[in-house]
Amino acid sequence: KTIEKIVTGNNNGALIATDGTLFWFLSQKNYPFSVKGISSYRLRNIRMVKDTPTLLNHSNLSGHTITNVKAGALTTYLLTAEGKVFSFGNGQYGTLGNGDSLEVYIPTLIDHANLNGKKIVDIAVSSNQNSSSISKSHALLLADDGSLYSMGSNEAGQLGLGDSTNRYVPSLVSTNLSGKTVVKIA
């Protein structure tokens, strides 16, 4: 396979091949969660944690072509050609956008009514290097119509929602954006 994109986070990384397949790896030494057994959350298998690039071949991704990947401190987000987003990793503070704060060990579609079928075109994630706040990350999702969604830790107002409440699902950022179209996030 020919690798066309390489992405790294604090403790994880991914390689995307030209055919849309994804190879993923995670430093087991720095992974703060248990790496034995099976997760009690939706029976998600933690045995996928690998410290060498390994094909991420899960049934949740069947029929989807991965076009982009973003790696946060302890999170990974996959963008598909159809504009769908899958997330997995440390869900603390709602960072994964699936409605809770649990750890997720397999790619899980972010499918919330707030997105209302929007096609996501870009993802931005925080990658905090400070070990005391490594899990206090957040993510932004940009839709093809220029609407912006945020989720995760918001203790300093970093979600742009006008408050300091953590968000566990993608939330529309509309504060001070009225009449403006967002075209790029980083």
Side-chain angles (χ1 to χ4, degrees), residues 7 9-12 14 24 26 31-33 39-42 44 46 60-61 64 66-80 82-186:
V7 176
N10 287 10
N11 297 300
N12 55 348
W24 181 79
L26 173 69
Y31 199 64
F33 316 122
S39 165
S40 61
Y41 179 55
R42 299 182 194 168
R44 295 180 177 181
I46 195 161
N60 286 0
L61 299 175
H64 296 282
I66 304 303
T67 58
N68 202 355
V69 62
K70 297 291 175 135
L74 295 169
T75 55
T76 304
Y77 302 84
L78 310 175
L79 181 62
T80 71
E82 304 83 19
K84 305 288 184 191
V85 178
F86 290 81
S87 63
F88 59 99
N90 182 347
Q92 192 171 15
Y93 304 102
T95 304
L96 299 177
N98 58 17
D100 55 42
S101 60
L102 300 173
E103 301 162 15
V104 176
Y105 304 107
I106 61 172
T108 302
L109 178 65
I110 299 175
D111 185 24
H112 192 271
N114 289 357
L115 294 177
N116 197 25
K118 300 271 185 176
K119 180 178 181 179
I120 303 302
V121 295
D122 201 5
I123 305 166
V125 299
S126 63
S127 187
N128 195 326
Q129 297 288 338
N130 181 342
S131 62
S132 66
S133 62
I134 197 163
S135 62
K136 294 183 181 179
S137 58
H138 65 284
L140 303 174
L141 306 176
L142 178 62
D144 64 349
D145 66 359
S147 55
L148 181 65
Y149 297 84
S150 60
M151 57 200 177
S153 176
N154 194 32
E155 68 182 24
Q158 63 267 38
L159 297 183
L161 299 169
D163 60 35
S164 59
T165 303
N166 299 333
R167 296 302 197 286
Y168 296 85
V169 296
S171 300
L172 180 65
V173 178
S174 58
T175 308
N176 296 326
L177 290 179
S178 180
K180 297 175 182 72
T181 302
V182 179
V183 296
K184 186 73 178 159
I185 57 177

Can you tell me if [X] uses its side chain to pair, donor with acceptor, with the backbone of [Y] under 3.5 Å?
X: S126; Y: H138; answer: yes
X: E82; Y: T80; answer: no
X: N154; Y: L159; answer: yes

Taking every non-hydrogen atom, the tightest pair across [X] and [Y]:
X: I106; Y: N60; answer: CD1-ND2, 3.7 Å
X: S87; Y: L96; answer: OG-O, 2.9 Å
X: Y149; Y: N114; answer: CE2-O, 3.4 Å
X: K119; Y: G83; answer: CG-CA, 3.6 Å
X: L109; Y: F86; answer: N-CD2, 3.3 Å
X: P170; Y: G97; answer: CD-O, 3.5 Å

The criterion is side chain to side chain contact (heavy atoms under 4.5 Å, CB included); which residues satisfy it with T67, sequence neighbours excluded?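 Residues passing side chain to side chain contact (heavy atoms under 4.5 Å, CB included) with T67: L79, A81.
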
Between S153 and E155, does the side chain to side chain donor-acceptor pair (under 3.5 Å) criterion hold? Intermediate values first, please. CA-CA 6 Å; S153 176; E155 68 182 24; 4.7 Å; no

Could you measure the distance from the [atom1] atom of [X] to the [atom2] atom of [Y]? Nearest 0.5 Å is fine.
X: T95; Y: N90; atom1: OG1; atom2: CG; result: 6.5 Å
X: T181; Y: L148; atom1: OG1; atom2: CG; result: 11.5 Å
X: D111; Y: N98; atom1: CG; atom2: CG; result: 11.0 Å
X: K84; Y: L115; atom1: NZ; atom2: CG; result: 9.0 Å

Sole candidate of D122, I123, L141, V125 that passes side chain to side chain contact (heavy atoms under 4.5 Å, CB included) when paired with I185: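 Single side chain to side chain contact (heavy atoms under 4.5 Å, CB included) partner of I185 among D122, I123, L141, V125: D122.
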
Under 4.5 Å between any side-chain heavy atoms of S171 and L161, yes or no?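 Yes, their side chains come closer than 4.5 Å.
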
Can you confirm whether V182 sits close enough to L177 that some side-chain heavy atom of one is under 4.5 Å from a side-chain heavy atom of the other?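 When only atoms from C-beta onward are counted, L177 and V182 do touch, with a gap below 4.5 Å.
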
For atom CG of N176, decide whether the heavy atoms of other residues, nucleotides or ligands shown that lie under 6.0 angstrom number more than 12.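 For N176, atom CG is not crowded (no more than 12 foreign heavy atoms under 6.0 Å).
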
If a pair satisfies side-chain hydrogen bond (donor to acceptor under 3.5 Å, both in side chains) and one of its residues is in residues 68-79, list it, with sequence neighbours excluded.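 Only K5-N68, N12-T76, W24-T76 qualify under side-chain hydrogen bond (donor to acceptor under 3.5 Å, both in side chains).
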
